[in-house]
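FYI, side chains are in, hydrogens and waters are out, and symmetry mates aren't considered; it's all heavy atoms of this structure.
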Amino acid sequence: MSSTLDDRPTATASRPPADRHTRGARFLLLLAVFLCAACGLVYELALTALGSYLIGNSVLQTSVVISVMVFAMGVGSLAAKPLRRSPVVAFAVLEGVLALVGGLSVLILYAAFAWLQLYMPAMIVVSLVVGLLIGAEIPLLMTLLQRIRKQEASSAVADMFAVDYIGALVGGLCFPLFLLPTFGQLKGALVVGGVNAVAGVIVVVFIFRRQTGRLAKAGLLAGVTAVLAVLGATYVLADDLEVTARQHMYADPIIHSETTQYQDIVVTRSTAFTGKPDVRLFLNGDLQFSSVDEYRYHESLVHPALSGRRSDVLILGGGDGLALREVLRYEDVRHVTLVELDPAMTRLARTFEPLRGLNHGSMDDPRAEVVNADAFNWLRGARQQYDAVIIDFPDPDSASLAKLYSVEFYDLLRRALAPHGHVMVQSGSPFFAPKTYWSIAKTIETAGYATTEFQVDVPSFGNWGFVLATPGTEAPPLRLAPDTPELRYLDEAVLKAATVFPVDRRRADVRPSTLMDPAVLEYVQDEWRDY
């Protein structure tokens, strides 16, 4: 029995040794698998990121893209079965089409949003097509891998998916850390499309050149060359195309635009008949201020919160430096810490003359300290206590912003607030989004603050609301300090009237917002849908 087992040939002994050509071919094919996986994940991330910038509601955008693409990948895998008869040609054609569609996907969706207002249908169609093409890759690559060297199915699957998942990891990290900051969304997708097309060339020209006829090889190379030419030409024209599409979305001439890893920043400027320029800042398409009336907003946001102690002030958000400008008007303010997530925004406020002129160079004041960090995480490590906190975040129309309007966030904030300190929170429009507004107020109260709610009129925004809060049970008085500098809009009479809400916009029965139940996100998406 023992000798019988010893004489039995093992799988390793019976397998012919792989020669140098076989090892090289397998390496190149697995490299193609790696590149294809990386490109596929980048396409997926690019589509979700673009939707978050243009539409908001990042959870919905991500869910739709991922679910449609995963479904389409399954369909694509089944549809690829007949293509295994000619896997080399089929794979090369597949990669060429995927490179073209994936590379142009961001531009296609941007154009659909800017000119056709059909973003969601276009996103579903593009996600479906890209998913079908990605799904068809694996069966073809598996067939090609077996052509190079026969091996057990389980072993081939293990090799294939190991490299595929590593490629997905690299692609997922490259998108936010390299592609987006280096090329931007539009150009980044085009670059990835070029890499995708080259992956098809590797398979055809170098690995299976002896198994591909001259005519087929020439046709495939011509096709890939054409794809690269289209992507290259689009890359050259990308800036002009982006400017044209972006300008179509804004009524006034764009004087600055950039896409950062956090948001899309656009500044426009127009000149009214009076000759007074109107500079407007938009983040992800949402208006942040108009220079014509921003003083109404920022005076209301800042000065009532500084009616008490104000030696040390904290500003969360407000990367344009306009709230900081108002805080620094008080000579007894000793130090102001401004925490803004996006360094591009604070850099723009510091160096871009239209913004710097509006904020009076507040970012360079020696009393100001600018910190680029996520406010939620920054508060977790904050040790100093502040006399007043000004919160000037964008509206909570995404999951990442909704956490900054949660009970947990205001709990963290209390540790950074002096016992009798004041907090002012911009809270959206009581008229256009009353449930959102009152949910924010209730969330602050649930976190242990007493609140005073008020509203003002900002023509570029419409009716706008704020919540003044202090720890404890006694609602803070809405007033101005005796030494308040001369203001253009706000006075005691305006503040007194501001606390009166019309019957149809008084406190509503709403839920507070938490990290696990972001009610404010639900309200804001529902209420702003028709505006």
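Residues Y405 and S513 form no side-chain contact, since every pair of their non-hydrogen atoms from C-beta on lies 4.5 Å or further apart. You'll find the side chain of S406 reaches within 4.5 Å of the side chain of F376, heavy atoms only. In this structure the side chain of N463 reaches within 4.5 angstrom of the side chain of P430, judged on heavy atoms. Between I124 and V64 there is a side-chain heavy-atom pair separated by less than 4.5 Å. With a 4.5 Å cut-off on side-chain heavy atoms, T244 and H248 do not count as touching. Taking 4.5 Å as the limit, some side-chain heavy atom of I391 sits within range of a side-chain heavy atom of L413. Looking only at side-chain heavy atoms (C-beta outward), T268 and V279 stay at 4.5 Å or farther from each other. L228 is not listed as a side-chain neighbour of T225, based on a closest heavy-atom distance of 4.5 Å or more.
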| Does the pair L186 and L190 meet the rule for a side chain to side chain contact (heavy atoms under 4.5 Å, CB included), with working shown? | CA-CA 7 Å; L186 201 160; L190 293 169; 3.6 Å; yes
| task | Please assess H256 against V266 for the test side chain to side chain contact (heavy atoms under 4.5 Å, CB included), listing each intermediate value before the final yes or no. | result | CA-CA 6 Å; H256 179 84; V266 172; over 6 Å; no
| message | Pair D374, K403 - check salt bridge (Lys or Arg N to Asp or Glu O under 4.0 Å), show working. | response | CA-CA 11 Å; D374 174 79; K403 75 175 183 179; 3.4 Å; yes
| message | Using the rule given for side chain to side chain contact (heavy atoms under 4.5 Å, CB included), can you reason through V267 versus R280, listing the C-alpha separation, both sets of side-chain angles and the distance that settles it, and then say yes or no? | response | CA-CA 6 Å; V267 183; R280 298 190 173 209; over 6 Å; no
| task | In sequence, state the C-alpha distance, the side-chain angles, and the governing distance for L231 and V191, and then conclude on side chain to side chain contact (heavy atoms under 4.5 Å, CB included). | result | CA-CA 8 Å; L231 295 175; V191 169; over 6 Å; no
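Contacts of F71 classified as ring-ring contact (aromatic ring centres under 6.0 Å, His included), with partners at least two apart in sequence or in another chain: none. Qualifying side-chain contact (heavy atoms from CB on, under 4.5 Å) partners for V42, counting only residues two or more places apart in sequence or in other chains: F175, L179, V192. For Y437, the ring-ring contact (aromatic ring centres under 6.0 Å, His included) criterion is met by F501, not counting sequence neighbours. For K187, the side-chain contact (heavy atoms from CB on, under 4.5 Å) test picks out F183, Y235, A238, D239, with sequence neighbours left out. Evaluation of the side chain to side chain donor-acceptor pair (under 3.5 Å) rule for S439 yields no partner, not counting sequence neighbours. In this view, A37 and D164 satisfy the side-chain contact (heavy atoms from CB on, under 4.5 Å) rule, not counting sequence neighbours. Under the ring-ring contact (aromatic ring centres under 6.0 Å, His included) criterion, F409 pairs with F393, sequence neighbours left out. Residues forming a ring-ring contact (aromatic ring centres under 6.0 Å, His included) with F282 (at least two apart in sequence, or on another chain): Y250.
The two residues A447 and Y410 have their closest heavy-atom pair at CB-CB, 3.6 Å. When every heavy atom of V407 is checked against every heavy atom of P512, the shortest pair comes out as CG2-CB, 4.4 Å. The shortest non-hydrogen separation linking F461 to Q288 is CZ-O, 3.0 Å. Summarising the geometry of P82 relative to A79, their closest heavy-atom pair is CD-O, 3.2 Å, with the distance given to 0.1 Å. Between G321 and N359, the shortest heavy-atom distance links the atoms O-CB, 3.4 Å. Contact between C39 and V195 at its shortest, heavy atoms only, is SG-CG1, 3.9 Å.
Side-chain N/O atoms of Q185 and D264 include no donor and acceptor closer than 3.5 Å. Under the 3.5 Å distance criterion, with hydrogens and angles disregarded, a donor-acceptor pair is assigned to the side chains of S257 and R246. Between the side chains of D392 and Y297, at least one donor N or O lies within less than 3.5 Å of an accepting N or O.
Taking a cutoff of 4.0 Å between a charged side-chain nitrogen and a carboxylate oxygen, R511 and E522 qualify as a salt bridge.
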What pairs of donor and acceptor atoms, side-chain ones from residues 344-351 against any protein atom, are under 3.5 angstrom apart with sequence neighbours left out?
| from | atom 1 | to | atom 2 | distance (Å) |
| --- | --- | --- | --- | --- |
| T346 | OG1 | P343 | O | 3.0 |
| T346 | OG1 | N372 | ND2 | 3.2 |
| R347 | NH2 | E258 | OE1 | 3.3 |
| R350 | NE | D364 | OD1 | 3.0 |
| R350 | NH2 | M363 | O | 3.4 |
| T351 | OG1 | R347 | O | 2.8 |

Output side-chain donor-acceptor pairs under 3.5 Å for residues 84-108, partner residues at least two apart or in another chain, one line each.
| from | atom 1 | to | atom 2 | distance (Å) |
| --- | --- | --- | --- | --- |
| R84 | NE | K81 | O | 3.4 |
| E95 | OE1 | N196 | ND2 | 2.4 |
| S105 | OG | G102 | O | 2.7 |

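At distances below 3.5 Å, at least one donor-acceptor pair connects side-chain atoms of T48 with backbone N or O atoms of L45. Q247 places a side-chain N or O within donor-acceptor distance of the main-chain N or O of D252, the cut-off being under 3.5 Å. A donor-acceptor contact shorter than 3.5 Å is absent between the side chain of S127 and the backbone of V68. Using a distance-only test at 3.5 Å, with no hydrogens or angles considered, no donor-acceptor pair links the side chain of S429 to the main chain of W464. Panel note: side chain E340, backbone D342; a donor-acceptor pair is recorded below 3.5 Å. Judged purely by atom type and a 3.5 angstrom limit, K442 uses its side chain to pair as donor or acceptor with the backbone of V510.
Under the salt bridge (Lys or Arg N to Asp or Glu O under 4.0 Å) criterion, no residue pair touches residues 103-124, with sequence neighbours excluded. Each salt bridge (Lys or Arg N to Asp or Glu O under 4.0 Å) pair with one or both residues in residues 28-44, not counting sequence neighbours, would appear here, but there are none.
Here the straight-line distance linking atom CG of L41 with atom CG of L169 works out to 9.0 Å at 0.5 Å rounding. Expressed to the nearest 0.5 Å, how far CD1 of I254 lies from CD of E242 amounts to 9.5 Å. Note: L283 CG to D320 CG = 8.5 Å, rounded to the nearest 0.5 Å. Distance check: T514 OG1 to D517 CG gives 5.0 Å after rounding to the nearest 0.5 Å. With values rounded to the nearest 0.5 angstrom, S291 atom OG is found 9.5 Å from L322 atom CG. Within the model, atoms OG1 of T259 and CG of L180 stand 7.5 Å from one another, a figure rounded to the nearest 0.5 Å.
More than 12 heavy-atom neighbours from other residues, nucleotides or ligands sit within 6.0 angstrom of CG on L116.
Test D397, D526, V520, L521 against T436 for side-chain contact (heavy atoms from CB on, under 4.5 Å) and you get one pass: V520.
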